[in-house]
Every structure is written in structure tokens, then in C-alpha cells.
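First up is the structure itself, then whatever we jot down about it.
Naming: A, B, ... by sequence-line order, numbering from 1 per chain.
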Protein chains: 2
Amino acid sequence: MSAKITELDTEQLIKDTARRIFFGEGRFNATTQEIADAAGVNRTLINYYFRSRDNLFNTVFEDAQKQEHERTESIVFSTKPLKEKIMDYLDLYFEQSKEFPYLEIYMVTQMNQGCAYKDHESMSRLLDKFYLEIAVEMDKGNITKMRPEQFMLNFISLTCFPVSMRPLLQETMGFTPDGFDRLIEERKQIIMDLLFKPE
Amino acid sequence: MSAKITELDTEQLIKDTARRIFFGEGRFNATTQEIADAAGVNRTLINYYFRSRDNLFNTVFEDAQKQEHERTESIVFSTKPLKEKIMDYLDLYFEQSKEFPYLEIYMVTQMNQGCAYKDHESMSRLLDKFYLEIAVEMDKGNITKMRPEQFMLNFISLTCFPVSMRPLLQETMGFTPDGFDRLIEERKQIIMDLLFKPE
DNA sequence: ATTTTGTTTGACATTTTTGTCAAACGCAAA
DNA sequence: TTTGCGTTTGACAAAAATGTCAAACAAAAT
């Protein structure tokens, strides 16, 4: 019944390192050895704390999923008007994408390998709330009328794609890392202008 | 000096199968055994025709890159007006995405693992041409003024993201496969309306 | 000081995946 | 028929990655 005080929990250290390698560096099939090395621990500890490699992967995956969900929830269920919520989300997303640019892509590949989404319940509550607010703004004439799902897709696409596909886009479109950062920063305003009608 | 007439070239069959597994099913770390099985050939043939697994992967990757590039080129360098080019691209993209939804994601992960983009030369010619046409339309007042790169990003994001992230979106947003197909089909018009000002 | 408990380690076993090779095969040319 | 040649195969070797285990260790509890 200890819990080691000397340094940060080894278990957490392994998780953090794995997360960085997966979502930060995009090295989705890093070996347990590589993760252990990066964390500066013995590889066997991965088995000690997480039975198997698969288990570590799932744990890290689910943690990230949960965290992202919570952050989104706290924005969507705040009392601010929709427009501000969307700006908040843009800030949050572009910020976290600096640390973990590959998170969504990883989720897609996982999703595809039979890893189902966990919390349908709360996700659909979140979507319902969001769709409702969108519909209201459409009635007020602040947003072009369309199915709320389409608005949602527009919003997410414009926000996430440049971040998720950054390596590809940066390479093919011929940007320097700095240049691309500036491009992303500029996008906040451009996205808002696309989503909402001018006043 | 034969070239086997009985059935399609084995070499091509392997390539096609690998392509389907990578880009069609998103199983990016399929083993050579799995690919051979899917193609209905002996695994050793992969080594016979493509020396190594890596070599097969690269070949398939470069072929796809080249093919996509050619198709894009033929649209961008056609004589049609910009608006029609963009509609053509939407059609092309949504069509091919039915067969290979994971192509872009695969490229991103590859890109990240040190696989550089090949044909910078012709890509930048293509982009220049495109940017020029966009600028002209902006002057005419048909497109909201912004950096052409941003317009490009908007266009690609709106088009590619829903396709690339389909497994994730479908799952989290609670769509049936058919429902999502309809959503995608509806998007063509929605994207056009977002990109161009109403006449 | 000794025991206990949770952690860490290295050596080893197992499993998975890839690569090699000689022999078999089938077909067309000599 | 036989020879030559590209293709195909299964058995085997090698490599890479994961998982297990007993023993060492270190710190707290007795």
C-alpha cells in the first residue's frame, strides 16, 4: 500500500509517454520497447502495470477520448451564446492540437479496427443540445438554413482537417512549420465568417 | 518471356489487393500473410515480386499518389470555369472515396514516417494555376476575399474530412451507413454554397 | 532487525511476422 | 520429347515483438 513518492507514478509516466508517441508523434505502431525506452523504464513494467500491449493502447485511447469529451461538454453546456461557444472550441482545439495533432486520426484507425465508441448516451445529449441551439440561430437568421448535422460537419471539417492532415498539407502545399502555424491562426476568423452570416 | 494470360497478372493482383486492404478497409498494419490470403496467393510471391514488405507498401503508396495527382491535374488544367472544376472535383472525390475512404489518412501516417512527397514540381504548378483562378474570381466578386491558401483549405477540408473521418463521425454522430451516404450526397450543394457567393 | 509489500530487473520462452531457398510446376520454343 | 524459363510452392531460417517468471530491490510496517 505505498504509491511511490520519489518520482511521478511509473504507471502514469508510461501512459503519458505512450500518449505522446501515439497522438503527438503519430507513430501508431510503436513497439512496447520503444515506448519503454522513451519513458526510460524497463519494458517489463508495461506488462506489470497493463497486462498486455493491447491493454495499454486501449487505456490510453479511452483516457484521451474521455478527456476530449469532458472538455467539449464543458463548452457546449456553458451558458454562453452559441457563437462564443464555437469560438471557445476553436481556441481549445487549436491549442490542444499543438500537443497532440494525431489524436483524431488515431481514433479513426482504432474505430475501424472494431474499437467502438463508448459513451453514446452523453454524446447524443451533447449533440441534441448543440443541434437545438443551431436551429434557434437559423431561425433568428444568423446562420444559413440547412440540416444541423450539415452545419456541424462544416464546423468540424473546417476546424479539424487542417490540423489532422497537417503533415500531408504542409508537405504538398509547401509551407514551413511557422507558415502553417500562421495559416492556422488566421483560420479562426475565416471559419467564424463562413459559419455565421455577417451582421 | 511469358506474362501469363490465364488470369490477371499476379503482380497486379497483389497490388490491387494491398491497395484495397490499406485504402479501402483502413487496415494499415495488415501482415503480408493477410494480404496474400486476401489475394488468394502464396505469401512468398510477395517477396518474389516485391523483394520486401516495405517495398510493396511503398509501391502501392506511390501508385495511388500518382493516380490521384493525375486525376486532379486533368481537372485543374481543363478549360472549364473554376466553379465547374470544383464541382467536378467534388464528384470525383466523393466517387473514389466510396472505394478508398482511407487514402488520405494513410498518406498522412506515411508522410509522418519519413515518406516525403515526390512530385513537388508539378504540385506547385498545379497550385499556382489554382490560386490564380481563385484570385480572379475574388476580383470578380464571386468569392469572399481571403488568401487563396485559405480558400483552398476550406475547399479541401469541407470535402475530404467527412470522408476521411467517416468511421469516427458515423459512430459518434449516430448515423446508419445509408444515412451517412445521403449526408455526403447533400454536401455537394452545401459546399458549393459555402465557397461561392450567391449570384 | 526482520518481515512485508509493492516495484523493478534480466533472463528466458513464446508468438508473430518476415525473408530465403531449393525443388516442383506449367507452358512454350527448340 | 526435351529443354529453358518464368512462376509457384512448402519447408525452413531469421528476425522482431510480446509475454512470463523468479529473483533482486527498496521502503514502510512490525
Side-chain angles (χ1 to χ4, degrees), chain A residues 1-23 25-63 102 106 109-110 112-115, chain B residues 1-23 25-63 102 106 109-110 112-115:
Chain A
M1 215 173 283
S2 75
K4 194 141 200 259
I5 328 166
T6 51
E7 14 155 356
L8 286 170
D9 217 64
T10 305
E11 184 174 352
Q12 193 59 44
L13 173 64
I14 293 173
K15 274 204 232 175
D16 288 347
T17 307
R19 181 162 63 160
R20 201 193 68 225
I21 289 180
F22 297 154
F23 309 147
E25 301 174 17
R27 302 182 33 229
F28 298 148
N29 27 17
T31 66
T32 51
Q33 187 64 66
E34 287 173 313
I35 295 171
D37 287 350
V41 304
N42 189 298
R43 182 177 61 82
T44 319
L45 286 177
I46 291 178
N47 290 303
Y48 178 70
Y49 286 109
F50 311 88
R51 281 211 322 285
S52 69
R53 174 199 144 107
D54 271 1
N55 207 249
L56 167 62
F57 279 38
N58 287 335
T59 304
V60 171
F61 180 57
E62 280 164 26
D63 280 4
Y102 293 93
Y106 184 77
T109 61
Q110 285 298 305
N112 190 52
Q113 273 148 52
C115 195
Chain B
M1 211 175 285
S2 74
K4 196 139 198 259
I5 328 167
T6 52
E7 13 155 358
L8 286 170
D9 216 63
T10 305
E11 184 173 353
Q12 193 59 44
L13 173 65
I14 293 173
K15 274 205 233 176
D16 289 346
T17 307
R19 181 160 62 160
R20 200 194 69 225
I21 289 179
F22 297 154
F23 309 149
E25 301 173 17
R27 304 184 31 229
F28 299 148
N29 28 17
T31 65
T32 51
Q33 187 64 63
E34 288 172 314
I35 295 171
D37 286 350
V41 304
N42 189 299
R43 184 178 59 83
T44 320
L45 287 177
I46 291 178
N47 290 302
Y48 178 70
Y49 285 109
F50 308 90
R51 281 209 322 284
S52 70
R53 175 199 143 106
D54 271 2
N55 206 247
L56 167 62
F57 280 36
N58 287 336
T59 305
V60 171
F61 179 57
E62 281 165 25
D63 280 4
Y102 293 92
Y106 184 77
T109 61
Q110 285 298 304
N112 189 52
Q113 272 148 52
C115 194

**Complete:** Arg43(A) atom CZ is separated from dT8(C) atom C1', nearest whole Å, by 14 Å
**Message:** Short of 4.0 Å, heavy atom to strand atom, which residues of residues 26-37 of chain B count as contacting DNA chain C?
**Reply:** Thr31(B), Thr32(B)
**CD1 on Ile21(B) to CG on Asp16(B), rounded to 0.5 Å** = 11.5 Å
**Request:** Would you give the length of the straight line joining atom CG of Asp63(A) to atom CD of Gln12(A), rounded to the nearest 0.5 angstrom?
**Result:** 7.5 Å
**Request:** To the nearest 0.5 Å, tell me how far Arg53(B) CZ sits from Thr32(B) OG1.
**Result:** 7.0 Å
**Prompt:** Rounded to the Å, how far apart are Asn42(A) CG and dA23(D) C1'?
**Reply:** 14 Å
**Request:** Please examine the side chains of Phe50(B) and Glu11(B), heavy atoms only from C-beta on, and report whether any two atoms are closer than 4.5 Å.
**Result:** yes
**Item:** Euclidean distance, Arg27(A) CZ relative to Arg20(A) CZ, rounded to 0.5 Å
**Value:** 9.0 Å
**Prompt:** What residue among Phe61(B), Phe28(B), Phe57(B) forms ring-ring contact (aromatic ring centres under 6.0 Å, His included) with Phe22(B)?
**Reply:** Phe57(B)
**Item:** Any residue of residues 45-58 of chain A with a heavy atom less than 4.0 Å from an atom of DNA chain C
**Value:** Leu45(A), Tyr48(A), Tyr49(A)
**Complete:** CG of Leu13(A) to CG of Leu45(A), rounded to nearest 0.5 Å, is 10.0 Å
**Request:** Rounded to the nearest 0.5 Å, what's the gap from OG1 on Thr10(A) to CD1 on Ile46(A)? Could you check?
**Result:** 11.5 Å
**Rounded distance (Å) that lies between atom C1' of dT7(D) and atom CD1 of Ile14(B)** = 11 Å
